[in-house]
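All remarks here apply to the structure that follows.
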Number of protein chains: 2
Amino acid sequence: MKTKNLDPIWRALADPTRRSVLDLLALGPMQTGHLVVQFPELCRTGVMKHLDILQDAGLLLVRRDGRQRWNYLNVVPIQAIHERWVAKHLQPTASSMTRLKQHVEGKKS
Amino acid sequence: MKTKNLDPIWRALADPTRRSVLDLLALGPMQTGHLVVQFPELCRTGVMKHLDILQDAGLLLVRRDGRQRWNYLNVVPIQAIHERWVAKHLQPTASSMTRLKQHVEGKKS
DNA sequence: TTCATCTGTCACTTTATGGTGACACAAGCG
DNA sequence: CGCTTGTGTCACCATAAAGTGACAGATGAA
């Protein structure tokens with residue numbers, strides 16, 4: 001497998017509005033219009049631009065049904081960031097999770 | 001404890017250069033000048049602006065020694081992001097780590 | 001068909017961000 | 001004292017990004 005670039009994912013996650021969108025989608029898929037009304041301080045076009053960025057990052061999956069568009073959360077990119085960056089930096093600290101993992105695996109080093 | 005805002009942390013992590021800085025500091029503390037030469041495509045001022053942003057996010061700790069400044073990596077904000085955001089989103093998927101954890105703990109639910 | 005609804009797209013403005021050069025300053029060293 | 005070294009700071013520029021209104025298209029209902 002080729003090494004995917006994490007930059008678009010980081011960029012997408014940088015914005016608080018986009019993270020709110022992901023939080024909403026974590027509750028279940030939503031159609032665009034219903035997602036827009038969750039952000040009264042923004043216009044529809046503004047929200048849709050955020051959705052585009054999330055989609056480009058692979059965090060948002062889209063399924064069309066008639067004239068409605070359903071937006072799904074995809075956690076795979078989050079997992080990629082976690083495994084290829086966050087975990088790497090937290091490893092030296094020996095967090096509870098990694099310590100537990102090493103304990104179970106029978107400490108190889 | 002009051003709920004700290006994660007926004008500056010996300011913003012700091014959004015830039016690839018800043019993530020490279022953190023990668024370097026993960027190897028050990030460095031003084032600013034030595035950090036600057038690691039980025040030949042940037043000028044000193046540019047690197048220092050990145051350091052400022054990292055410092056504001058709490059990802060970078062500074063200790064002065066005479067006319068030299070030593071930059072330290074601080075993983076606590078990364079841990080905060082992991083615990084208060086990443087883990088929350090990865091939980092429903094039951095990643096290998098969490099599945100393992102639940103297995104060991106004797107599946108409470 | 002006619003109309004309302006949901007979505008897509010375009011041009012545009014404004015603000016934030018990344019990046020640079022110039023200057024200033026204090027700490028060491030001769 | 002002078003001089004170099006390592007930082008700090010300021011004004012400035014170019015570009016990216018957030019945000020908006022207007023218009024167009026396609027679907028579904030009456």
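All chains are named by letter (A, B, ...) in the order of the sequence lines, taking the proteins before the strands, and each is independently numbered beginning at 1.
Contact annotation: B:Arg64 side-chain N/O to C:dA27 OP1/OP2 distance is not under 4.0 Å.
Looking at the side chain of A:Leu42, the nearest of the listed nucleotides C:dT7, D:dG19, C:dT20 is D:dG19. Of the candidate nucleotides D:dA18, D:dT7, D:dG19, D:dA18 has the atom lying nearest to any side-chain atom of A:Arg11.
Nucleotide C:dC6 holds its P atom 13 Å from the CG atom of A:Asp65, rounded to whole Å. Atom CG of B:Leu60 is separated from atom P of D:dG8 by 11 Å (rounded to the nearest Å). Look at NE2 on B:His50: it is 8 Å from C1' on C:dG19, rounded to the nearest Å. Atom P of nucleotide D:dA17 and atom CH2 of A:Trp10 are separated by 17 Å, given to the nearest angstrom. Taking atom CG on B:Asp52 and atom P on D:dG8, their separation rounds to 8 Å, with Å as the unit. Note: CD (B:Gln68) to P (D:dT5) measures 13 Å, nearest angstrom. In this structure, CE of B:Met48 is placed 13 Å from C1' of C:dA24, rounded to the nearest angstrom. The nearest whole Å value for the distance from the CZ atom in A:Phe39 to the P atom in D:dA18 is 14 Å.
Linking ILVMFWY residues whenever their side-chain heavy atoms come closer than 4.5 Å, directly or via other members, leaves A:Leu73 and A:Met48 in distinct clusters. Linking ILVMFWY side-chain heavy atoms closer than 4.5 Å, directly or via other members, places B:Leu24 and B:Ile53 in two distinct hydrophobic clusters.
Across all strands, B:Ile53 comes closer than 4.0 Å only to sugar-phosphate atoms, never to a base (heavy-atom distances). If you check every strand for non-hydrogen atoms under 4.0 Å, B:Gly33 touches sugar and phosphate atoms only.
A donor and an acceptor atom never sit less than 3.5 Å apart when one is taken from the side chain of B:Arg69 and the other from the base of D:dT7. Between the side chain of A:Arg67 and the base of C:dT5, a donor-acceptor pair under 3.5 Å is found. Between the side chain of A:Thr45 and the base of D:dG21, at least one donor-acceptor pair of N or O atoms lies under 3.5 Å. Looking at B:Arg44, its side chain comes within 3.5 Å of the base of D:dG8 through a donor and an acceptor atom.
Nucleotides of DNA chain D nearest to A:Cys43 and A:Gly66 differ in position, and the one nearer the 5' end is that of A:Cys43.
Going from atom CD of B:Gln38 over to atom NE2 of B:His34 covers 5.5 Å, rounded to the nearest 0.5 Å. One distance of note links NE2 of B:His89 with NE2 of A:His82; it measures 13.5 Å at 0.5 Å rounding.
Contact of the B:Pro16 side chain with the A:Asp7 side chain is registered, since non-hydrogen atoms from C-beta on lie closer than 4.5 Å.
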